[in-house]
Every structure is written in C-alpha cells, then in structure tokens.
Asks: 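A single structure is presented below for examination.
Keep in mind that the numbers below use all heavy atoms, side chains included, and drop hydrogens, waters and symmetry copies.
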Amino acid sequence: MKSQNKLKIAVFCSGFGSNLEAILKAEECGTLGASVAYVVCDKFDCYAIERARRHEKPTFLIDPKQYPSRRSFEETIVRFLKQERIGLVVLAGFMRILTSYFTKAYRGRILNIHPSLLPAFPGAHAIRDAYQHGSKMTGVTVHFVTEELDNGPILLQEPVAVSDKDSQKTLGAKIHQLEHRLYPKAIRIFAEKKFKINGRRVQLKGRKR
Ligand code: GRF
C-alpha cells in the first residue's frame with residue numbers, strides 16, 4: 001500500500017519513547033500497516049522527541065501549562081489531529097489522563113499500552129506493583145481508551161512469567177521487550193480492521209488464537 005493511502009497515526013509520548021522506537025522501526029520494515037504522521041509530546045525535553053528527529057518524523061509539541069484548562073489543551077490537540085486527518089491516536093508512555101472530551105472525539109480510535117495484565121495493577125507503577133505483590137504472572141495489555149483509566153476494551157494481551165530469579169529490573173526488561181512486539185502488532189490489526197468491538201469484548205478476525 002502506498003504511504004499516502006495508509007492510516008495516519010499520531011503517537012503520544014512524554015518520556016523515553018522506546019515503544020515509539022519499536023513502532024517507527026516496524027513502519028520502516030513495512031510491518032506496521034500504518035504511517036506515523038506525528039509524534040505528539042507534552043514534555044519538551046523528553047527523549048521521544050530525539051527519536052522522532054532521528055527517524056525524520058514531525059513532532060507536535062504542546063505545553064499544557066500554556067492553556068487555561070485541560071479542555072482548551074485537549075481542544076487544541078483534537079483540532080490539530082482532525083486537520084491532519086489522523087485516524088488513530090497511539091498513547092505510548094503519555095503521562096496525562098485524557099478527559100471524556102478527548103475520548104469522545106476519538107472514540108474507538110485511541111490505543112494505550114499498559115505493562116500488566118489489566119484489570120490487575122492499573123495506574124502508573126504497574127511493573128513495581130506486580131513485582132511487590134509477588135505475582136507469578138504479569139504481562140502487557142493493549143486496550144482502547146475510554147474515560148475510565150486503564151479500563152477500555154482489550155485488543156491484545158500477553159503474559160510474562162515472573163521467575164524467582166527476577167528482580168524488578170529484569171522483570172521490567174522482559175515486559176518492555178514484549179511491549180515492543182505487541183504494540184506494532186496491535187496497530188496493524190487496527191489498520192487492517194481485523195477486529196470488532198462488541199461491548200467490552202474485542203473479537204479478532206481471521207486469526208487463530
Ligand atoms: C511503557 O511501559 C508503557 O507500557 C507505559 O509507559 C511506558 C512507556 O515507555 N504506558 P516508553 O516511553 O515507550 O519507553
């Protein structure tokens with residue numbers, strides 16, 4: 001498929017951007033099924049910006065402190081996304097909770113990746129929480145974003161076993177490795193429309209699982 005006919009996605013980051021990197025590499029290898037049109041960042045010193053630059057991707061930098069309300073901040077982003085015909089918003093370590101204004105404007109077209117098997121261990125410290133809880137199994141979830149935090153319909157989910165030898169750091173490394181494989185795969189499923197949302201359940205089409 002020619003790149004101008006591909007689904008245009010915007011990847012939202014606030015930090016290190018290793019998932020962004022995996023997504024950009026998948027696009028370069030021709031396995032993403034979509035085109036990263038913009039990298040959206042709310043932190044102007046985050047490493048994700050450097051990754052975008054190295055991959056020659058445009059950034060949309062937006063400082064929430066410059067806006068009088070969350071609503072006006074989100075309205076500016078949504079206006080930009082619509083103007084650029086972005087078909088999918090991909091949250092990749094974006095450390096900001098979107099309000100219902102945003103989730104409604106892009107309903108069914110926002111994905112997030114979370115480093116646990118949701119609904120276990122929601123929130124910002126999922127790897128630490130699962131490790132400290134003594135879980136024998138944790139994992140990665142890619143889900144649609146709704147107004148409820150870490151609670152939207154699950155598109156893909158895979159487990160990671162926690163061994164007795166694992167430290168929180170080695171567990172984190174295993175989880176991130178899985179994230180980097182799972183997120184590009186989820187984007188491709190979305191781009192190829194190989195799924196159907198049925199209430200809380202997301203059915204995958206044409207895949208044996
Ligand atoms: C990932 O662990 C992701 O699951 C979570 O935030 C982290 C972002 O990491 N939502 P990176 O910035 O992609 O390296």
Asks: In sequence, state the C-alpha distance, the side-chain angles, and the governing distance for Val90 and Val11, and then conclude on side chain to side chain contact (heavy atoms under 4.5 Å, CB included).
Replies: CA-CA 5 Å; Val90 173; Val11 184; 4.3 Å; yes
Asks: Tell me the closest heavy-atom pair linking Pro115 and Ile127, and the distance in Å.
Replies: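 Looking at all heavy atoms of both residues, the shortest contact is CB-CG1, 3.7 Å.
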Asks: Using the ring of Tyr101 (Phe, Tyr or Trp, six-membered ring only), decide whether Arg70 places NZ or CZ under 6.0 Å from its centre and within 45 degrees of its axis.
Replies: no
Asks: Thr138 versus Val162: any side-chain heavy-atom pair under 4.5 Å?
Replies: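 Counting from C-beta outward, Thr138 and Val162 do come under 4.5 Å.
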Asks: Which word best sums up how the rings of His176 and His180 line up, parallel for under 30°, tilted for 30 to 60°, or perpendicular for over 60°?
Replies: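 Parallel.
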Asks: Would Arg53 and Glu50 count as a salt bridge (charged side-chain N to carboxylate O under 4.0 Å, His left out) if you check the C-alpha gap in whole Å, the side-chain angles of each, and the deciding distance to 0.1 Å?
Replies: CA-CA 5 Å; Arg53 194 189 60 74; Glu50 173 62 16; 2.8 Å; yes
Asks: Do Arg128 and Tyr131 form a cation-pi contact, if we require the NZ or CZ to be under 6.0 Å from the six-membered ring centre and within 45 degrees of the ring's axis?
Replies: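 Because its charged atom misses either the 6.0 Å distance or the 45° angle limit, Arg128 does not stack over Tyr131.
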Asks: Run Glu158 and Arg181 through salt bridge (charged side-chain N to carboxylate O under 4.0 Å, His left out) and show every step you take.
Replies: CA-CA 10 Å; Glu158 280 193 29; Arg181 182 167 60 75; 2.7 Å; yes
Asks: Measuring centre to centre across the rings, with the benzene-like ring taken for any Trp, is Phe16 within less than 6.0 Å of Tyr47?
Replies: yes
Asks: Would you check if Val89 and Leu81 make a side-chain contact, meaning some heavy-atom pair closer than 4.5 Å?
Replies: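 Yes, their side chains come closer than 4.5 Å.
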Asks: Is the closest side-chain heavy-atom distance between Val142 and Ile187 below 4.5 Å?
Replies: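 No. Closest side-chain heavy atoms not under 4.5 Å.
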Asks: The test is salt bridge (charged side-chain N to carboxylate O under 4.0 Å, His left out); show your working for Arg54 and Glu21 and say whether it passes.
Replies: CA-CA 10 Å; Arg54 287 190 192 172; Glu21 184 77 31; over 6 Å; no
Asks: Could you walk me through whether Lys174 and Asp166 satisfy the salt bridge (charged side-chain N to carboxylate O under 4.0 Å, His left out) test, starting with their C-alpha distance in whole Å, then the side-chain angles of each, then the deciding distance to 0.1 Å, before giving a yes or no?
Replies: CA-CA 10 Å; Lys174 285 188 206 169; Asp166 270 323; 2.6 Å; yes
Asks: Determine, step by step, whether Asp42 and Phe12 satisfy the side chain to side chain contact (heavy atoms under 4.5 Å, CB included) criterion, reporting the C-alpha distance in whole Å, the side-chain angles of both residues, the deciding distance to 0.1 Å, and the verdict.
Replies: CA-CA 8 Å; Asp42 63 335; Phe12 283 41; over 6 Å; no
Asks: What residues join Ile49 in its hydrophobic cluster, counting side-chain heavy atom gaps under 4.5 Å, either direct or through other members?
Replies: Phe44, Leu61
Asks: Hey, do the aromatic rings of Phe195 and Phe144 have their centres closer than 6.0 Å?
Replies: yes
Asks: If you count every heavy atom of other residues, nucleotides or ligands that lies below 6.0 Å from Leu149 atom CG, does the total exceed 12?
Replies: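 Correct, the count exceeds 12.
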Asks: Quick check on side chain to side chain donor-acceptor pair (under 3.5 Å): which of Glu147, Arg71, Glu74 does Thr99 satisfy it with?
Replies: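 With Thr99 as partner, side chain to side chain donor-acceptor pair (under 3.5 Å) holds for just one option, Glu74.
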